[in-house]
Amino acid sequence: MISTLLSQSEQEKLIRKLEIFKIQGRDKRGRPILRVIGKLFPARLVTVDTVKKYLEDEIFPSLDGRPFSVVYVHTGVNRGDNFPGISALKSLYDAVPVKVRDNLEAFYFLHPGIQSRLFLATFGRILFTGGAGGGLYGKVNYINRLEFLWDRVRRRGIEMPEFVHEFEEEMECRPTMDYGLESDHPGIIHGGPCLDSTVSTYSMRCIA
């Protein structure tokens with residue numbers, strides 16, 4: 001991650017305004033949910049230290065030492081704009097207090113692509129282990145569609161950005177996306193457009 005001209009307080013205000021991290025809703029077992037929207041993460045504008053401070057000051061205390069779940073929305077993540085980098089992810093994970101890690105019951109990874117699956121398969125055991133249940137790596141659940149997320153999470157109480165619903169509509173026309181069979185890289189299009197539908201520009205993206 002690269003910080004530009006923003007002060008730390010301005011970076012914190014930006015993170016808060018974008019609602020990248022938000023405790024919202026509950027899963028089917030009644031546990032609170034930390035919703036994380038990857039596409040909104042301003043990787044070029046905030047530093048690792050600022051994100052750590054924000055989580056320590058505003059997110060972790062709100063969990064109140066209770067078991068919780070994470071819904072990570074990967075829809076539309078772009079390596080150039082939203083992906084903080086491997087070293088930054090490792091640093092952020094290591095900064096999470098052990099008690100918070102141990103209280104994490106499930107990590108729901110919505111709309112994973114080939115790139116993200118390969119990344120976790122290759123580096124997950126190295127970067128995201130430690131703590132109860134094998135750490136974050138051992139708690140990841142890949143969720144291809146919103147309808148499957150609602151099997152685990154109470155639909156009412158958690159909001160999804162409009163671009164997530166647009167992506168879902170696109171998958172109706174390109175079912176191979178459900179199984180991670182399409183490339184995550186821009187410029188590679190499989191098949192023709194679906195009749196009577198608008199092909200979203202969110203299909204043209206590189207998922208880190």
Side-chain angles (χ1 to χ4, degrees), residues 17-43 68-84 89 104-124 128 136-208:
K17 179 180 179 180
L18 293 174
E19 295 188 330
I20 304 160
F21 307 98
K22 187 172 184 178
I23 297 175
Q24 185 182 70
R26 294 183 178 275
D27 64 17
K28 288 295 181 70
R29 296 187 178 183
R31 298 175 297 217
I33 291 171
L34 171 56
R35 189 201 65 178
V36 183
I37 308 295
K39 183 179 178 177
L40 301 182
F41 189 79
F68 69 101
S69 298
V70 169
V71 171
Y72 168 64
V73 181
H74 192 66
T75 321
V77 169
N78 180 292
R79 178 171 296 168
D81 299 323
N82 324 114
F83 184 65
L89 288 176
L104 173 62
E105 296 290 332
F107 188 99
Y108 299 116
F109 195 125
L110 180 64
H111 294 155
I114 294 175
Q115 299 288 320
S116 53
R117 286 176 183 267
L118 288 176
F119 171 79
L120 282 176
T122 305
F123 299 106
F128 307 123
L136 172 64
Y137 180 75
K139 300 173 183 179
V140 172
N141 296 269
Y142 292 117
I143 307 291
N144 292 331
R145 301 292 295 270
L146 270 176
E147 63 181 290
F148 302 134
L149 180 65
W150 305 142
D151 290 338
R152 315 286 184 90
V153 171
R154 297 177 185 176
R155 187 167 187 167
R156 293 184 177 181
I158 185 168
E159 300 173 358
M160 288 292 166
E162 184 60 30
F163 63 80
V164 174
H165 297 287
E166 291 177 359
F167 184 74
E168 287 278 315
E169 292 176 3
E170 183 180 341
M171 285 198 294
E172 292 293 334
C173 302
R174 298 160 66 183
T176 55
M177 296 175 73
D178 269 340
Y179 305 99
L181 299 178
E182 291 205 354
S183 172
D184 295 327
H185 290 284
I188 300 178
I189 304 175
H190 297 257
C194 179
L195 293 178
D196 299 323
S197 68
T198 301
V199 179
S200 169
T201 57
Y202 290 109
S203 65
M204 315 307 290
R205 67 194 183 287
C206 173
I207 298 181

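Everything numeric here is computed off the predicted structure, so don't read it as measured data. Just so you know, these numbers use all the heavy atoms, side chains as well, and skip hydrogens, waters and symmetry mates.
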Can you tell me how far [atom2] of [Y] sits from [atom1] of [X], rounded to the nearest 0.5 angstrom?
X	Y	atom1	atom2	result
Leu136	Tyr72	CG	OH	11.5 Å
His74	Asn82	NE2	CG	9.0 Å
Phe83	Gln115	CZ	CD	10.0 Å
Leu110	Ile37	CG	CD1	8.5 Å
Glu170	Thr75	CD	OG1	11.0 Å
Phe41	Asn78	CZ	CG	14.0 Å

When Leu34, Val71, Val70 are each screened for side chain to side chain contact (heavy atoms under 4.5 Å, CB included) with Phe107, the one that passes is Val70
Check against side-chain contact (heavy atoms from CB on, under 4.5 Å), Val73 and Lys39
CA-CA 8 Å; Val73 181; Lys39 183 179 178 177; over 6 Å; no
Contact between [X] and [Y] at the side-chain level, heavy atoms closer than 4.5 Å - yes or no?
X	Y	result
Leu118	Phe123	no
Asp27	Pro32	no
Val153	Phe148	no
Arg154	Arg29	no
His165	Met160	yes
Leu89	Phe128	yes
Met171	His111	yes
Ile33	Gln24	no

| query | Does CZ belonging to Arg155 count more than 12 external heavy atoms closer than 6.0 Å? | reply | no
request  = Please step through side-chain contact (heavy atoms from CB on, under 4.5 Å) for the pair Arg156 and Arg26, ending with a clear verdict.
outcome  = CA-CA 9 Å; Arg156 293 184 177 181; Arg26 294 183 178 275; over 6 Å; no
Ion pair Lys139/Glu105, N-O distance below 4.0 Å: no
Sorted by chain and number, sequence neighbours left out, salt bridge (Lys or Arg N to Asp or Glu O under 4.0 Å) with Glu159 holds for none
Tyr142 meets the side-chain contact (heavy atoms from CB on, under 4.5 Å) criterion, sequence neighbours left out, with Phe109, Pro112, Arg117, Leu120, Val140
Task: Side-chain donor or acceptor of Ser116 paired with backbone N/O of Gly113 under 3.5 Å - done: yes
